[in-house]
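Heads up, the thing below is written out as structure tokens.
Everything quoted here is computed from the prediction, not taken from an experiment. Just so it is clear, the values below take in all heavy atoms, side chains as well, and ignore hydrogens, waters and symmetry mates. Chain naming here is simple, since letters A, B, ... match the order of the sequence lines and numbering starts at 1 in each.
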2 protein chains.
Amino acid sequence: MSWTISDIRTFLAVLDAGSISAAAARADLSKSVVSKRISDFEAALGVALFTRHAGRIAPTDSAFALAERLRPALADLVAATESVAGPEAPLRGRLAVAGPMSFGLRHLGPVIAGFARAHPQLEVVLDYDDQLTDLGRSGFDVALRIGWLRDSSLIARRLCEDPHALVASPDYLARHGPILSPADLAGHEAIGYLNARLSEIWPFGPEVAPPRQGRITANNGDAMRDLAIGGLGLALLPLFIVHDALRDGRLVRILPDLPQRRLPVSVVWPPTRPMPRKTRAFIDHIADAFAEDPPWQRGV
Amino acid sequence: MSWTISDIRTFLAVLDAGSISAAAARADLSKSVVSKRISDFEAALGVALFTRHAGRIAPTDSAFALAERLRPALADLVAATESVAGPEAPLRGRLAVAGPMSFGLRHLGPVIAGFARAHPQLEVVLDYDDQLTDLGRSGFDVALRIGWLRDSSLIARRLCEDPHALVASPDYLARHGPILSPADLAGHEAIGYLNARLSEIWPFGPEVAPPRQGRITANNGDAMRDLAIGGLGLALLPLFIVHDALRDGRLVRILPDLPQRRLPVSVVWPPTRPMPRKTRAFIDHIADAFAEDPPWQRGV
DNA sequence: CGCGCGCGTTCGCAATATCCGAACGCGGCT
DNA sequence: AGCCGCGTTCGGATATTGCGAACGCGCGCG
């Protein structure tokens with residue numbers, strides 16, 4: 001019994017998704033197909049990749065070790081098959097784009113729709129996930145990132161800058177006291193962001209101490225905005241998320257004149273040589289799209 | 001339409017074999033299957049890999065470029081899947097062994113049969129071909145080589161040494177005159193070896209000039225021996241090929257006391273890291289098998 | 001403590017893909 | 001001119017794949 005590319009892709013998908021059911025849902029396959037592919041793959045390799053207990057699976061150490069080698073090998077294979085078409089040949093294959101949820105939903109849709117229309121034979125996959133930290137996960141070609149980059153192994157191109165706003169609801173300030181200077185921040189709590197510590201994304205410089213992180217956290221910017229509107233604390237959020245709430249008064253800006261370092265919005269990709277044509281095309285496309293200031297920055 | 005591992009393997013096989021019919025024969029598939037896989041692969045990639053004319057195919061430049069990238073990528077994928085089994089797991093997968101035709105037929109059969117019996121889940125492929133020069137051709141894991149190695153990118157382990165004999169038939173010597181000293185060689189012709197120039201494998205050192213290469217050449221040692229027996233010239237051949245013909249007088253040794261550098265017999269493999277377990281196991285096995293002098297060297 | 005839930009596995013069945021052999025057209029060789 | 005070997009195409013048989021239902025398991029909740 002031998003393995004197939006589908007077996008490998010399915011294995012990596014299950015590892016990423018954490019369960020057969022989730023991987024099946026993502027791949028639009030039935031659970032039985034995914035389950036069988038995993039079993040067949042294990043039989044072909046002669047090793048258990050997952051342990052089974054009470055209708056749950058857990059990856060083995062072998063699974064992680066195998067994935068570590070399969071991902072680049074599969075990427076090379078795919079890159080090889082996609083490299084062979086001439087420069088004028090239509091783009092084909094599969095381009096996976098990752099990005100933050102709120103940013104993606106708001107600003108990437110039309111841009112990527114335009115790109116997909118321009119390349120009808122290219123399969124485009126969007127995966128919006130605020131927790132995304134590892135471009136090495138199976139199948140991603142490019143990612144959008146907000147903030148200063150931690151992973152220096154990736155190549156980055158800055159698209160624009162994203163100012164943040166420290167906000168609170170009027171109700172919150174009425175109950176907890178106004179904030180008239182940076183020193184006043186110490187007496188307040190901020191709604192936490194599950195995927196990054198406040199100090200990591202604090203844009204006002206080290207001389208302004210951030211408020212302490214409160215007992216409320218969320219893993220999504222829109223959720224944090226809603227919690228802030230509900231009066232549960234201060235929130236440091238991208239302007240594009242709070243723009244409307246600021247305009248209609250549900251939130252107010254805290255210390256709006258404080259100078260800040262704007263957070264960059266970048267597209268990043270792994271340093272594959274030669275660069276796949278589809279990756280080049282996408283990066284050029286999105287750079288063009290962001291060449292002028294985004295709408296949420298006009299008038300602020 | 002997407003491609004499969006079978007498509008890739010079939011493409012590389014056709015490139016190696018030079019025709020769909022030959023590749024089909026080698027793979028024990030029908031011509032129509034191989035033809036369809038090539039067509040499907042071309043459709044999936046959106047590029048022509050072969051040109052067709054009057055029932056013949058020829059590879060395009062794209063085919064060579066693609067193969068150059070697919071071979072290592074496929075090898076990485078296979079290595080990854082084979083790396084995952086623990087050290088005590090039975091060897092599985094596919095081990096391809098290349099070697100010279102005559103040597104392989106005579107001396108490798110029992111050795112490799114023993115190895116195959118010890119590892120019942122491992123598929124073993126033997127490819128005896130005197131012209132084999134490129135271990136990079138698809139699918140070879142190890143090769144046996146006779147002679148000094150040209151390709152320093154391979155790792156070699158010497159198994160034994162292989163003396164050669166310069167021989168001729170009594171009839172040839174009766175017609176062309178005896179050879180009493182090295183200087184007499186100049187007046188004679190040697191049957192050529194299609195895969196190596198005589199000067200490349202001449203074991204008697206530069207101070208002994210080889211005879212000139214004649215109009216008769218062959219690509220196989222046994223064929224050269226038979227041509228020598230037929231009186232068509234001198235032949236420089238491994239002892240294991242001419243051993244029996246020397247014993248029964250059909251050939252006689254020329255200048256048998258001339259000191260020579262024995263040609264090494266080595267097993268070679270590419271420097272893959274980590275070394276596949278199957279490759280390690282095979283090399284150890286064949287080194288053990290050749291640890292004592294081979295039978296054709298006893299009594300000479 | 002009992003029930004409902006979500007998970008993964010297995011099985012039978014239908015749909016799809018794969019493989020084979022025959023037939024055909026092409027150009028080269030005798 | 002006829003034969004040969006090549007690659008392509010097609011219809012049919014076979015094998016594989018994918019699906020949904022049913023089941024057993026342990027966990028969490030009331």
Side-chain angles (χ1 to χ4, degrees), chain A residues 1-64 66-67 74 81 94 123 138, chain B residues 1-64 66-67 81 94 123:
Chain A
M1 171 192 288
S2 181
W3 44 264
T4 68
I5 285 282
S6 295
D7 293 342
I8 293 179
R9 288 192 199 279
T10 299
F11 160 64
L12 294 173
V14 170
L15 208 55
D16 283 343
S19 77
I20 281 176
S21 301
R26 282 186 176 190
D28 199 30
L29 289 167
S30 72
K31 293 185 299 172
S32 50
V33 167
V34 175
S35 174
K36 186 170 188 304
R37 284 184 189 176
I38 297 297
S39 302
D40 288 347
F41 196 39
E42 285 173 317
L45 303 190
V47 72
L49 298 171
F50 296 94
T51 58
R52 275 83 164 171
H53 180 63
R56 295 285 191 277
I57 58 167
T60 61
D61 288 339
S62 300
F64 292 116
L66 177 61
L74 186 59
T81 62
R94 179 176 176 274
E123 179 186 340
S138 65
Chain B
M1 174 189 286
S2 181
W3 43 264
T4 69
I5 285 283
S6 296
D7 293 343
I8 292 178
R9 287 192 199 278
T10 300
F11 160 65
L12 294 173
V14 171
L15 210 52
D16 283 342
S19 76
I20 281 174
S21 302
R26 283 188 176 189
D28 200 30
L29 288 166
S30 73
K31 292 186 300 174
S32 49
V33 166
V34 175
S35 176
K36 186 170 190 299
R37 285 185 189 175
I38 296 297
S39 301
D40 289 348
F41 197 38
E42 286 173 315
L45 303 190
V47 71
L49 297 171
F50 297 94
T51 58
R52 276 83 164 167
H53 180 62
R56 294 285 190 278
I57 58 169
T60 60
D61 288 340
S62 301
F64 292 116
L66 176 62
T81 61
R94 177 177 176 277
E123 178 186 341

key: Integer-rounded Å distance: C:dC13 P and A:Lys36 NZ   = 17 Å
request  = Looking only at side-chain atoms of B:Ser19, point me to the closest of D:dC6, D:dT8, C:dC7.
outcome  = D:dC6
message = Of the listed nucleotides (D:dC25, D:dC6, C:dG8), which one gets closest to any side-chain atom of A:Ala54?
response = D:dC25
remark   = Of A:Ser32 and B:Glu42, the one whose closest nucleotide on DNA chain D sits nearer the 5' end is B:Glu42
ask   = Quick one: A:Lys31 NZ to D:dC23 C1', roughly how many Å, whole number?
value = 11 Å
task = Quickly work out the B:Arg37 CZ to D:dT8 C1' distance and round it to whole Å.
result = 16 Å
message = Over all strands shown, is A:Ile38 touching base, sugar-phosphate only, or nothing at heavy-atom distances under 4.0 angstrom?
response = nothing
ask   = Can you tell me how far P of D:dC10 sits from CG of B:Asp40, to the nearest Å?
value = 13 Å
task = Quickly work out the B:Arg52 CZ to D:dT8 P distance and round it to whole Å.
result = 4 Å
query = What nucleotide among D:dC19, D:dC25, D:dC6 has an atom nearest to a side-chain atom of A:Val33?
reply = D:dC19
note = With the side chain defined as heavy atoms from C-beta on, A:Ser35 is closest, among C:dC26, C:dT9, C:dG8, to C:dT9
ask   = B:Ile20 has an atom CD1; how far is it from atom C1' of D:dT9, in whole Å?
value = 13 Å
ask   = Which heavy atom in B:Ile20 sits nearest to a heavy atom in B:Val34, and how many Å separate them?
value = CG2-CG1, 3.8 Å
note = Closest to the 5' end of DNA chain C, once A:Val34 and B:Gly55 are matched to their nearest nucleotides, is A:Val34
message = Regarding B:Ser19 and B:Ser21, do their side chains bring together a donor and an acceptor under 3.5 Å, going by distance alone?
response = no
remark   = CG (B:Leu12) and CZ (B:Phe41) are apart, to the nearest 0.5 Å, by 7.5 Å
query = DNA chain D: A:Arg56 or B:Arg56, which has the more 5' nearest nucleotide?
reply = B:Arg56
ask   = Given C:dC20, D:dG18, C:dT9, which nucleotide is nearest the side-chain atoms of B:Ser30?
value = C:dC20
task = Take the protein atom CG of A:Leu29 and the nucleotide atom P of C:dG8, then report the distance between them rounded to whole Å.
result = 14 Å
key: A:Arg52/A:Glu42 under salt bridge (Lys or Arg N to Asp or Glu O under 4.0 Å): CA gap, chis, key distance, verdict   = CA-CA 13 Å; A:Arg52 275 83 164 171; A:Glu42 285 173 317; 2.9 Å; yes
task = Examine distances only and state if a side-chain atom of B:Asp7 and a backbone atom of B:Thr4 form a donor-acceptor pair shorter than 3.5 Å.
result = yes
